[in-house]
Amino acid sequence: MKEITIEYLVTLLVRRLLLMLLAAVVFAAAAFGYCRLLVDPVYKSTAQIVVSNGAVIIENEMGIDDSKISGSDIQSSIYLADVCVGLLQTQDFYKKLSEKLENKYSYSRLDGFISVSLNREEDLFINISVNNTSPEEAKKIANTMVAMAPDYLKEFMPSAKIMITATADNASKVAPRTAMTTALFFVIGAALVYLVALIVDLNDKTIKGVADFTENYNISLLGSVPNFELTELQGGYSYAENK
């Protein structure tokens, strides 16, 4: 087998560069066409609520009174928020949400494109995200869900304080990521051709010249057979002409 060196890999790259670029363009064009013509765009809209045990969020004329917040209140509120995330993912809640949306979506379908999670920066805040092929529907479902959440959660935790902190006022496109996908398949196309070329070249046992022979075999070379056709084309001596 041929010795794999940086020089060998670069030489192979130069030799197959045109074919690699052609494959890369074909792969990228196919990915671009797939994203733009065959895939329905998906939009994401997010709303938010906050949950506490009633002590963490204290409203007065100045807003929130941090001096009355204790560590145990924060831990209790974090626990409540975590429980609320689980309650908002139950089949019962999705059935109620489906009814509120006039049964346009089944509860199992709602479960498929709704995500409920604690905010990464503030554990008391719960993000409710909705993915849908319609930006208007994504916003509608998210806002309907946060509007229902406080009353539904208080059925299980009457003493909890639950407030809506953000409603969904926009929906951003999250899929397909056409530019990223196109660039990725451009690289994949080029890399695939290079990999195939490398495998084929490494397994090619044919001798392509004197240099190729001396590099692969530790044998003295006594001579080589000239290319008579090439010699004749170049105007050199031809045995056929002087026969």
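For reference, positions follow the sequence shown, starting with 1. Every heavy atom of this structure was used, including side-chain atoms; hydrogens, water molecules and symmetry mates were not.
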Where the side chain of Thr133 meets the backbone of Pro41, is there a donor-acceptor pair that is under 3.5 Å apart? no

Under the 3.5 angstrom rule, does the side chain of Thr182 hit a backbone N or O of Ala31 as a donor-acceptor pair? no

Would you say the side chain of Val193 lies within less than 4.5 Å of the side chain of Leu21, judging by non-hydrogen atoms? no

Less than 4.5 Å apart, any side-chain heavy atom of Phe185 and any of Leu192? no

Considering residues, nucleotides and ligands other than Leu195, do more than 12 of their heavy atoms fall under 6.0 Å from its CG? yes

Contact check, side chains of Ile128 and Thr46, non-hydrogen atoms, under 4.5 Å: no

Surrounding NZ of Lys44 (heavy atoms of other residues, nucleotides or ligands, distance under 6.0 Å), is the total greater than 12? no

More than 12 heavy atoms of other groups within 6.0 Å of Lys173 NZ: yes

Does Gln91 use its side chain to pair, donor to acceptor, with the backbone of Tyr107 at less than 3.5 Å? no

Mark yes when over 12 heavy atoms from residues, nucleotides or ligands other than Ile6 sit less than 6.0 Å from its CD1; otherwise mark no. no

Any Leu9 side-chain heavy atom under 4.5 Å of Tyr194 side chain: yes

Is atom CZ of Phe113 surrounded by more than 12 heavy atoms (other residues, nucleotides or ligands) closer than 6.0 Å? yes

Measuring only between side-chain heavy atoms, which start at C-beta, is Phe93 closer than 4.5 Å to Met148? yes

Side chains of Tyr79 and Asn53: is there a donor and an acceptor less than 3.5 Å apart? no

With Gln48 as reference, evaluate Ile126, Ile164, Thr167, Asn127 under the side-chain contact (heavy atoms from CB on, under 4.5 Å) test and give the passing residue. Asn127

Is any side-chain heavy atom of Leu97 closer than 4.5 Å to a side-chain heavy atom of Tyr105? no

Does Arg15 come within less than 4.0 Å of Asp201, counting only side-chain N to carboxylate O? yes

Non-hydrogen side-chain atoms of Asn119 and Val50 separated by less than 4.5 Å: no

May I ask you to say whether Lys96 pairs ionically with Glu99, meaning some side-chain N is under 4.0 Å from a carboxylate O? no

Taking the side chain as C-beta and beyond, is there a heavy-atom pair between Ser98 and Arg109 under 4.5 Å? no

